[in-house]
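These numbers come from the heavy atoms of this one structure, side chains and all, not from hydrogens, waters or symmetry mates. Residue numbers begin at 1 in each chain, while the letters A, B, ... track the order of the sequences. Values in this document were obtained by computation on a predicted structure and should not be read as measured data.
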Protein chains: 2
Amino acid sequence: MGNQNEGGAKGLKEGIREFMETAPAIYMPGLSVDTVIFGFHNDKLKVFLLRFANTPYFILPGGFIKKEENLDDAALRILQERTGLQDIYLEQFYTSGNTSRSKETVAKEELQKIIGKAQWSNWFDQRFVSVCYYALIDDTKVKPETEIFFTEFKWFDVNKLPKLMYDHDLIIKKALSRLQSDLDEKLVGFNLMSETFTMGQLQKLYEAVHQKKFVRTNFQRKLLSLNVLERLEKQYTGKAHKAPFLYRFVTGENE
Amino acid sequence: MGNQNEGGAKGLKEGIREFMETAPAIYMPGLSVDTVIFGFHNDKLKVFLLRFANTPYFILPGGFIKKEENLDDAALRILQERTGLQDIYLEQFYTSGNTSRSKETVAKEELQKIIGKAQWSNWFDQRFVSVCYYALIDDTKVKPETEIFFTEFKWFDVNKLPKLMYDHDLIIKKALSRLQSDLDEKLVGFNLMSETFTMGQLQKLYEAVHQKKFVRTNFQRKLLSLNVLERLEKQYTGKAHKAPFLYRFVTGENE
DNA sequence: CTATATTGTATCACTTTGATACAATAATAA
DNA sequence: TTATTATTGTATCAAAGTGATACAATATAG
């Protein structure tokens with residue numbers, strides 16, 4: 001991180017120039033992938049965002065699709081590059097393709113501040129259609145690294161997002177809406193938790209995703225009735241109250 | 001329809017050649033739109049398909065995205081071109097982007113039979129990522145027209161599909177699955193019906209989409225409890241039994 | 001005028017859900 | 001050691017929703 005900051009605008013400019021010159025030979029034109037990475041800590045649902053170069057704007061982790069690369073593989077590759085994680089739960093949920101999304105935003109403006117109006121900037125002048133995925137990760141395992149384009153990474157509360165580029169605020173809204181459905185229908189929640197958890201922690205997760213409170217006893221009854229939780233031993237929490245059970249998600253065929 | 005058949009292979013070949021020459025200047029490269037058009041007749045859920053040129057294969061109505069055209073607008077334009085309808089319920093549900101989808105299929109082979117391996121054939125040699133929409137239409141209003149690429153249009157029972165090109169069988173499956181969710185959650189069903197309908201007709205629609213039977217009395221109770229149906233006068237059906245009520249869907253704010 | 005097919009409504013048992021009560025217990029405070 | 005505190009696990013009751021069945025109503029066919 002330090003050396004990139006010291007490298008400063010010049011290194012960044014050179015990096016962008018090099019990227020733009022090589023990109024057209026490697027990637028599909030006009031197509032990108034954006035990922036909404038959800039995590040869960042401090043009882044809050046978080047989204048992982050990158051600061052775009054040295055602007056005040058944040059951006060979803062994204063990238064381009066190689067000419068002979070499957071869409072899902074591209075999304076996975078981009079996620080792995082950003083988070084260092086190998087096994088990631090991924091779900092395609094939307095493809096954003098309004099022409100205004102590239103124009104009305106600050107992206108180009110900010111880029112031009114950095115690199116000037118050089119003729120090789122036309123990779124980013126393109127109109128892009130972006131295929132969007134959401135990812136669920138156990139955030140305790142993330143090892144993100146900054147790089148030339150993205151000088152800072154940060155988890156944001158899904159309700160307290162920073163200034164975002166393009167239509168990324170809309171995309172996050174759609175991702176959340178889809179996550180809410182999937183949480184109930186496909187029980188994807190465990191991807192956001194560590195291997196074992198208490199019923200209280202699980203309830204906090206559901207409350208963070210659905211953005212509303214549940215009655216504790218009914219929530220417990222409901223989730224136990226789904227037969228997807230395996231009850232383990234009691235947890236020694238060190239808290240001044242009855243120790244809760246630990247649970248683990250089990251997929252239908254696992255038993 | 002007649003003149004195109006008489007025009008035969010030569011007219012087709014010229015048409016395709018002309019399309020391929022002009023396409024790169026008009027459309028985004030490597031991107032297409034496919035639409036799964038659902039209709040409902042004879043108590044069956046139907047899908048509208050086009051015969052690809054003079055091959056034995058059928059294909060989803062699709063097209064390309066103009067360089068400065070919004071994705072949704074492209075889908076709507078393509079639908080209007082195929083069906084002649086103006087107001088169409090459209091829902092984006094999936095983007096298909098495996099590299100194999102273009103390769104493993106018969107499309108290229110069939111095309112080459114028609115046009116040979118001309119150098120200008122490379123528009124269709126591209127790898128395509130396809131943004132998929134489903135549409136719900138009152139099929140009594142469709143006025144489709146054949147054209148140079150598509151020599152026949154036909155409604156197919158969703159359970160009795162013909163040979164399909166690319167991964168269009170998979171796309172139809174995904175569309176159906178999404179329609180099933182949306183039917184309950186967003187009550188999109190009325191887009192498949194005429195303005196007024198009986199409870200029996202509505203039940204047939206739900207049974208066709210969900211591919212299972214419902215108990216008549218419970219279905220009626222359930223749908224009436226949603227408060228989205230306005231009861232009109234009795235229908236004079238000419239059938240030898242009690243005349244059923246007619247209903248109309250009303251959106252929440254309409255009243 | 002009767003038979004037939006189908007519709008509209010009611011009802012009963014059963015399940016699910018919302019709300020509340022209460023006993024159990026791990027750590028802490030006295 | 002014992003009482004207190006916070007939270008957990010389980011039970012229970014009423015209300016709402018669902019599956020299954022019964023039955024009266026009625027538009028046409030014969």
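- Taking atom CG of residue Leu202(A) and atom P of nucleotide dT8(D), one finds them 12 Å apart after rounding to whole Å.
- For the pair Arg231(A) and Tyr247(A), the cation-pi test (distance below 6.0 Å, angle within 45°) is failed.
- Side-chain proximity of Asn218(A) to the nucleotides dT17(C), dT6(C), dA19(C) is greatest for dA19(C).
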Tell me, with the steps shown, if Asn159(B) and Gln211(B) meet side chain to side chain donor-acceptor pair (under 3.5 Å). CA-CA 10 Å; Asn159(B) 292 312; Gln211(B) 317 226 40; 3.0 Å; yes
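- Between the base of dT20(C) and the side chain of Thr217(A) there is a donor-acceptor pair shorter than 3.5 Å.
- Checking Arg221(A) against Leu246(B), the closest nucleotide of DNA chain C that is more toward the 5' end is the one next to Leu246(B).
- Evaluation of atom-type donor-acceptor distances gives no pair under 3.5 Å for the side chain of Ser225(A) against the base of dT16(C).
- Contact between the side-chain N/O atoms of Lys242(A) and the OP1/OP2 oxygens of dA6(D) is not found at any separation under 4.0 Å.
- Mapping Phe245(B) and His241(B) onto DNA chain C by nearest heavy atom places His241(B) closer to the 5' end of the strand.
- Put simply, Arg216(B) has no side-chain N or O that comes within less than 4.0 Å of OP1 or OP2 on dG19(D).
- Side chains of Asp182(B) and Tyr134(B): a donor on one and an acceptor on the other come within 3.5 Å.
- Spacing between atom NZ of Lys222(A) and atom P of dA11(D) amounts to 19 Å, rounded to whole angstrom units.
- Just one residue in the list Phe40(B), Trp155(B), Phe58(B) forms a ring pair (Phe, Tyr, Trp, His ring centres under 6.0 Å) with Phe48(B), and that residue is Trp155(B).
- Between dG9(D), dA29(D), dG8(C), one nucleotide has an atom nearer to the side chain of Gln220(A) than all others, and that is dG9(D).
- Residue Lys239(A) places none of its side-chain N or O atoms closer than 4.0 Å to OP1 or OP2 of dA6(D).
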